[in-house]
Amino acid sequence: MSIAWSPETREWHLHNGRTSWVLGVLPNGWIGLYHAGAPLAVGPSYAHLGPRDFSGFDNRVGEPVALALPVPGLGDFRVPALVVEAADGSQVVEPKYVAHRVLAGKPALPGLLPATYAEDDTEADTLEIDLADEPTGLEVTLAFTIFRDRPIVARSMRLHNGGAASVVIRTAMSASLDLPDDDWNLVTFSGAWARERFPADRPLVPGRQGVGSLRGGSGNEHNPSLVLRRPATTEAVGECWGLVLAWSGNFLAEAEVGHFGTTRVRIGLHPEQFAWPLEPGASFATPEALLAWSGDGLSALSDALHALLGRRMARGPWRDRPRPILLNNWEGTYFAFDHDRIVAMARAARDVGTELFVLDDGWFGVRDSDDRSLGDWVVDRRKLPHGLGGLAREVQALGLRFGLWIEPEMVNPDSDLFRAHPEWAIGVPGRRRTESRQQLVLDFANPAVVDHIAAAIGDVIASAPIDYIKWDWNRFITEPFSPTLPPERQGEFFYRYTLGMYDLYQRLTTRFPDILFESCASGGARFDAGILAWAPQAWTSDDTDAVERLRIQWGTSFAYPVSSMGAHVSAVPNHQTGRVAPLDFRAAVAMFGAFGYELDPTSMGEADLAAVRRQVAFYRERRELFQYGRFTRLRSPFEGDGNETAWMVSSADASRAVVAHYRVLQRPWPHRDRLVVRGLGPDARYAVTCWTSFDGPMPTVERGGDELMRVGLGIEPPDPMPAGRDAGADGHRFVRGDFSFRLFDLRRVS
Ligand code: GLA
């Protein structure tokens, strides 16, 4: 058991040698958080880290007490984790300790809330603390799960109305973390369409700072995750926290520095546009938050989150399987395709070695542009006279898997579905509905809508041998309202919408358990931990430009594993930026992801097709390493002038690695440069083979793990030096020109 309870001091210590959380029952019945973060010895009391002379918080307004469940109105004026309105309209509740349980393993969260899991009861232990507010009868259960082998604690909260009158939940955060000082930088992952999850890093200042979404989805503006790092913390050393919310709807993630210089961080459902009436006997559960701590820098923090999200949030047969190399027709054809063109593309895709052909938007209704037919999930026989079944079988006969794009939560006003059921589109009666991409969002808070779409999409999937689904979501929610909810329950709308979406995922993944689902939302607008419970990979961004992808994939990698990041090579000039980067450079970036292509292979020349064949072969040979190896960030595209990026993947036993170094623009007389790598065996010898294109490698050299980790890999001058100092004439061996890369393949030889 990694949870110790001391009845004398009324303290719990969650410990696993990697992290410690120490909580205690305060004299007034509240739950104090004495310590969270670095591992501490088990046995001693840490109550002295809590309030020193506790004489009742109630009479010492402003005391900087660290609490597990801060509430408003009782002297702690910092942001609360729980706000409940009693029947009399007051918002003062005081949940006090009643009882606790320590459970082996990790209980599932209620209903369809996505959560991490333990495969057996030895993988985790869970502490549940019951609290109650006597006047209202409100019962609160705080859950803390510590994983045996991970520096991570999972948090969630359940509420139950055990009183005689209704109350209203106004704020219910998944986690609140009180830290004793403010010497932290806050990193959030922010951006927009086509530039998702760029790290925004700033020192904490007094007051509140953070990010959130009120878009009805987690969004591409801000990710439901944050990092706190000590100012001196780097990728390789130092203390940091990572907080991730397993939720795909509205969220808030923020820090508050109080007037004593303490820091409170909270993450959970966004309290704005949220209100949940709780009748006597009713219950409510928050989503799960994951709180990871590292004393060894940011890459180790990410490593812990990758392992948990990739292996104990993702589930189903595709969790551990090699992900297929796909070719998607979207940027190759947009809406202009038919059966023969798709089959020709699939044949060319097969010839270069890809394994899965994905038919994107445009196969249903009368969808020749994005202004109609969403909601009409009937195959367009003009384009596909043999139906999806005929097409899928022909593609599969080539030796490929077949995948299909859907956008099940949407409807165009120009659709049969909307004409039959205008009330199924989200909107406030009597008000204009805001369109975006000429489409509206279906009311997934209404179970009848979910039923209809589950049947319609289920029929489509059942009609053909489909191996993969790309599930898109191309606009945010406006005019939030569901006619199925009474006026006093409209504050439940966003939560219920997200659960309706999860319900559809649950039904389709249960009905079609072997299908690989990839989530997507105008690219990366729903890239969050919650969705990974059903779709183990997500389309990272609509921006496939390799230079931009260096930054997008770098930022995404703070929380999310490589196996979850869809990354494709697309045509040039790039459709988002107009940039013309070499084909091999595009591939060398996309390989650090669930790799694929997004172009028309029938329009490529023989030389490019041959290059693609070599890229696919290179990736296939190292696929497990790329997708499931340990990912380590080495050199940030957000530092200096952003001209260089480096990262690597290594196997758990340090026997293999691929280290990548990218340079966007070349400069004359480059400075001497060695790239220090990590995660190798210091006593091992490695065969090092450098690829500067996929045409073929440079001669293999042997280097020690100690040298590679302490002195580094030679970038300038290159190691090994190409034959003949100015061997640039042979094109690729001596790296010249813009958009250059080096991929170092490392294999342990002794
Ligand atoms: C979104 C997706 C794209 C593509 C289009 C189709 O933008 O992110 O990958 O599927 O929709 O309309």
Side-chain angles (χ1 to χ4, degrees), residues 5 10 12 23-33 54 56-59 65 67-103 107-111 113 126-144 155-176 266 268-289 485-496 499:
W5 161 247
R10 309 229 289 172
W12 301 271
L23 300 131
V25 184
L26 298 176
N28 64 355
W30 299 9
I31 306 300
L33 180 61
F54 197 94
F57 189 68
D58 16 299
N59 288 318
V65 178
L67 299 166
L69 182 67
V71 291
L74 295 167
D76 180 345
F77 298 107
R78 293 167 291 176
V79 288
L82 177 67
V83 181
V84 173
E85 188 179 304
D88 62 6
S90 66
Q91 296 191 359
V92 181
V93 293
E94 188 173 10
K96 295 188 176 188
Y97 174 77
V98 175
H100 73 271
R101 293 167 293 286
V102 174
L103 310 165
L109 263 58
L113 289 169
T126 300
L127 167 66
E128 293 192 345
I129 306 176
D130 296 331
L131 310 164
D133 174 58
E134 229 178 274
T136 56
L138 179 73
E139 297 163 14
V140 181
T141 299
L142 305 179
F144 303 79
R155 287 288 342 265
S156 62
M157 175 167 68
R158 302 195 297 274
L159 302 169
H160 177 78
N161 187 347
S166 287
V167 299
V168 180
I169 306 166
R170 298 266 168 208
T171 299
M173 304 309 287
S174 300
S176 174
R266 59 177 189 160
L269 298 171
H270 205 307
E272 277 173 38
Q273 299 185 42
F274 170 85
W276 195 281
L278 205 61
E279 264 108 53
S283 301
F284 178 82
T286 71
E288 173 165 295
L485 295 170
E488 68 280 10
R489 293 205 163 271
Q490 290 297 331
E492 301 176 8
F493 172 79
F494 278 116
Y495 183 97
R496 290 190 181 278
L499 280 186

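Atom CD of E94 sits about 12.5 Å away from atom CG of L138, to the nearest 0.5 Å. Between the CG atom in L159 and the OG1 atom in T141 there is a gap of 8.5 Å [rounded to 0.5 Å]. Note that the CD atom of E288 and the CG atom of L109 stand 5.5 Å from one another [nearest 0.5 Å]. Atom CG of L69 sits about 11.5 Å away from atom CG of L33, to the nearest 0.5 Å. Considering OG1 of T126 and CZ of R101, their distance stands at 10.5 Å, rounded to 0.5 Å. Note that the NZ atom of K96 and the CG atom of L26 stand 11.0 Å from one another [nearest 0.5 Å].
The stretch residues 163-174 participates, sequence neighbours left out, in these salt bridge (Lys or Arg N to Asp or Glu O under 4.0 Å) pairs: E85-R170. Identified under the salt bridge (Lys or Arg N to Asp or Glu O under 4.0 Å) test for residues 271-286, with sequence neighbours left out: E279-R489.
Partners of R158 under the salt bridge (charged side-chain N to carboxylate O under 4.0 Å, His left out) rule, at least two apart in sequence or in another chain, are E128. Residues satisfying the side chain to side chain contact (heavy atoms under 4.5 Å, CB included) test with V102, not counting sequence neighbours, are M1, I3, H100, L127. Under the rule for a side-chain hydrogen bond (donor to acceptor under 3.5 Å, both in side chains), the partners of H160 that lie at least two apart in sequence or sit in another chain are S283. By the side-chain hydrogen bond (donor to acceptor under 3.5 Å, both in side chains) test, S90 pairs with D88, sequence neighbours left out. Residues satisfying the side chain to side chain contact (heavy atoms under 4.5 Å, CB included) criterion with Q273, sequence neighbours excluded, are L214, P480, F494. Partners of P487 by side chain to side chain contact (heavy atoms under 4.5 Å, CB included), not counting sequence neighbours: none found. Every residue meeting the side-chain hydrogen bond (donor to acceptor under 3.5 Å, both in side chains) condition with D133, not counting sequence neighbours, appears here in chain and number order: T136. With sequence neighbours excluded, no residue forms a side-chain hydrogen bond (donor to acceptor under 3.5 Å, both in side chains) with E139. Considering only residues two or more places apart in sequence or on other chains, Y495 meets the ring pair (Phe, Tyr, Trp, His ring centres under 6.0 Å) condition with W247, W276, F284. Taking R266 as the reference, E254 meet the salt bridge (charged side-chain N to carboxylate O under 4.0 Å, His left out) condition, with sequence neighbours excluded.
Two residues are said to be in side-chain contact when any heavy atoms from C-beta on lie closer than 4.5 Å; P95 and V71 meet this criterion. A 4.5 Å side-chain heavy-atom check between W12 and I129 finds at least one atom pair inside the cut-off.
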Apply side chain to side chain contact (heavy atoms under 4.5 Å, CB included) to V140 and V84, showing your working.
-> CA-CA 11 Å; V140 181; V84 173; over 6 Å; no

Please lay out, stage by stage, how L23 and F144 fare under the test side chain to side chain contact (heavy atoms under 4.5 Å, CB included).
-> CA-CA 11 Å; L23 300 131; F144 303 79; 3.9 Å; yes

Run the numbers on L131 and L142 for side chain to side chain contact (heavy atoms under 4.5 Å, CB included), then give the verdict.
-> CA-CA 8 Å; L131 310 164; L142 305 179; 3.9 Å; yes

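More than 12 heavy atoms of other residues, nucleotides or ligands lie within 6.0 Å of CD in E488, so this atom counts as buried by the packing criterion.
Looking only at distances, a side-chain donor or acceptor of S174 sits under 3.5 Å from a matching main-chain atom of P287.
For the side-chain contact (heavy atoms from CB on, under 4.5 Å) with P271, the qualifying choice from T171, I169, V79, V83 is T171, the only one to do so.
Of all the heavy atoms in A285 and P110, the pair that sits closest is CB-CG, 3.6 Å.
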